[in-house]
Protein chains: 2
Amino acid sequence: MSTVTPLPRTQHGGARDGRPELSVAAIAAAGRRLVERVGLDALSMRNVAAELDTAAASLYRHVVDREALLLAILEDIAAGLPVEVPGRTACERLQNRLVAAHDYMARHVWVLHILIRGEVVAENALPFSNACLQDFLDAGLAPREAATAFGACWHLVIGELLDEHPLAPPREPTQRSIVMSRIAPERFPAIAAVRSLDLHDRGDGTATVIGRLLGAFLS
Amino acid sequence: MSTVTPLPRTQHGGARDGRPELSVAAIAAAGRRLVERVGLDALSMRNVAAELDTAAASLYRHVVDREALLLAILEDIAAGLPVEVPGRTACERLQNRLVAAHDYMARHVWVLHILIRGEVVAENALPFSNACLQDFLDAGLAPREAATAFGACWHLVIGELLDEHPLAPPREPTQRSIVMSRIAPERFPAIAAVRSLDLHDRGDGTATVIGRLLGAFLS
DNA sequence: ACCTGAATGCGAACAGTGTACGCATAGAGC
DNA sequence: GCTCTATGCGTACACTGTTCGCATTCAGGT
């Protein structure tokens, strides 16, 4: 028997005039464009459809759900995670790759909200995960230790990003700033002692924190 | 001139028969009950209203926004964060408090999704933060180091919780499990080497990871 | 050249969401 | 008893995700 799907290039159906055909990739790209322009909250099926100059119902021919659309966008972003990075030792590569991943995700923090909504793994993130795990193994860690260490690093990165970069544009003045300004130094002396500096430059503090955590595992 | 607000116990207005009056606290409590029963996605103004046996419009007399309702719930949960914990050294107390906070938040992971949406600080979380920062200072860290260390610990905790505990109930079978089962060992050997164990008992791995991170700062 | 079948686009409709408007009500102070 | 004000709440509007059914267009068979 021959192959069951000789030519999947079927493509009949309603005319789209000059406009390019719809497809999962095109829809995901449009969704990503939309989010980067107006934010994740504005990612409605109708808005994505408008971005492609079509109607919402048309999207459902290529995407089963809104959830599926979000997954497609997640994969799109995950494909950009760094894998090959400079560094001669495994530890150096780990440090560089994790910092690079942090900086990359910092430009797309909103996908983290897609990621953490469901029990989901981006297939396009596997090369990144594999490289990190491999470096931990090469550094001499046992498999279980490597998994723990990679998990900790990843959690540190996404925790920092999610905590520091708000998803919704804050209403002015920020609730955070109001609360912080009202802190009574006699009730919370430690916070007051620290308050003045945590607004200023964290600088590349994230990189050094990652370095410290790596050191804790690769001792 | 006398005080402008002599008796804030006004309370006129529409009758609520035998039902207790509406208030921010009552609304927040009802919202929290609702989330713990049916999940954060079901927390609509109408559902909260129904929980209080009233109409959605009534809530807006006490709560300006849905956002404000979420903040009230956040404060409610934050009030339960651990502050006093056993331990004779600052390091021991830090370890115990962070682990206790992790375990507490693990029972209310959904509030983290409220927390990370906006640039927000829960006032009721200040005692917890202050205690942690104070212990870092007592352990000999400089203020900037203490802030960095506490931030790292907190990010590690919420990163782990957000990454491991999905907000939405997964559809069966899990997308994660599908992807993980399809991993080609020749393409991703490190993941394959680790895959078999990361499903099994992490046990209290979180506590040891926190301990490692603490050690990295309190060396 | 005709028909058939399937894949695609899309207008209309439905239930559910957050929120604003306006009216009815009940108590406090004169 | 009047007025004033805070409260409850019915109604309505714009918006959401999703489904149904119809129209269109092509590929393959005869």
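So you know, we letter chains A, B, ... as the sequences are listed, proteins then strands, and number each from 1.
- Counting any heavy atom pair closer than 4.0 Å across all strands shown, A:L59 reaches no nucleic acid atom.
- Counting only heavy atoms from C-beta outward, the side chains of A:V85 and A:Q95 never approach each other to under 4.5 Å.
- By the salt bridge (Lys or Arg N to Asp or Glu O under 4.0 Å) test, B:R66 pairs with no residue at all, sequence neighbours left out.
- The residue A:L43 sits close only to the backbone: its heavy atoms come under 4.0 Å of sugar-phosphate atoms, none of a base.
- Listed by residue number, the members of residues 24-37 of chain A with any heavy atom below 4.0 angstrom from DNA chain C form an empty set.
- Scanning atom types as modelled, one donor and one acceptor separated by under 3.5 angstrom connect the side chain of B:R46 and the base of C:dG18.
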Show me the protein contacts with nucleotides 20-23 of chain D, counting only N or O atoms at under 3.5 Å.
residue	atom	partner	partner atom	Å
D:dG21	O6	A:R61	NH2	3.1

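- Within the 4.5 Å cutoff, the side chain of A:H113 has heavy atoms near those of the A:L162 side chain.
- Here A:H62 does not reach the OP1 or OP2 of C:dA7: none of its side-chain N or O atoms lies under 4.0 Å away.
- For the pair B:I116/A:L112, no side-chain contact is recorded, criterion being any heavy-atom separation below 4.5 Å from C-beta on.
- Counting heavy atoms from C-beta outward, B:R37 and B:E51 have side chains that approach closer than 4.5 Å.
- Contacts of B:S44 with the nucleic acid, taken as non-hydrogen atoms under 4.0 Å apart, involve only primed sugar atoms and P, OP1 or OP2.
- Phosphate proximity of C:dC10 to A:S58: present, with a side-chain N or O under 4.0 Å from OP1 or OP2.
- Here the nucleotide nearest the side chain of A:Y60, chosen from D:dC9, C:dT19, D:dT18, is D:dT18.
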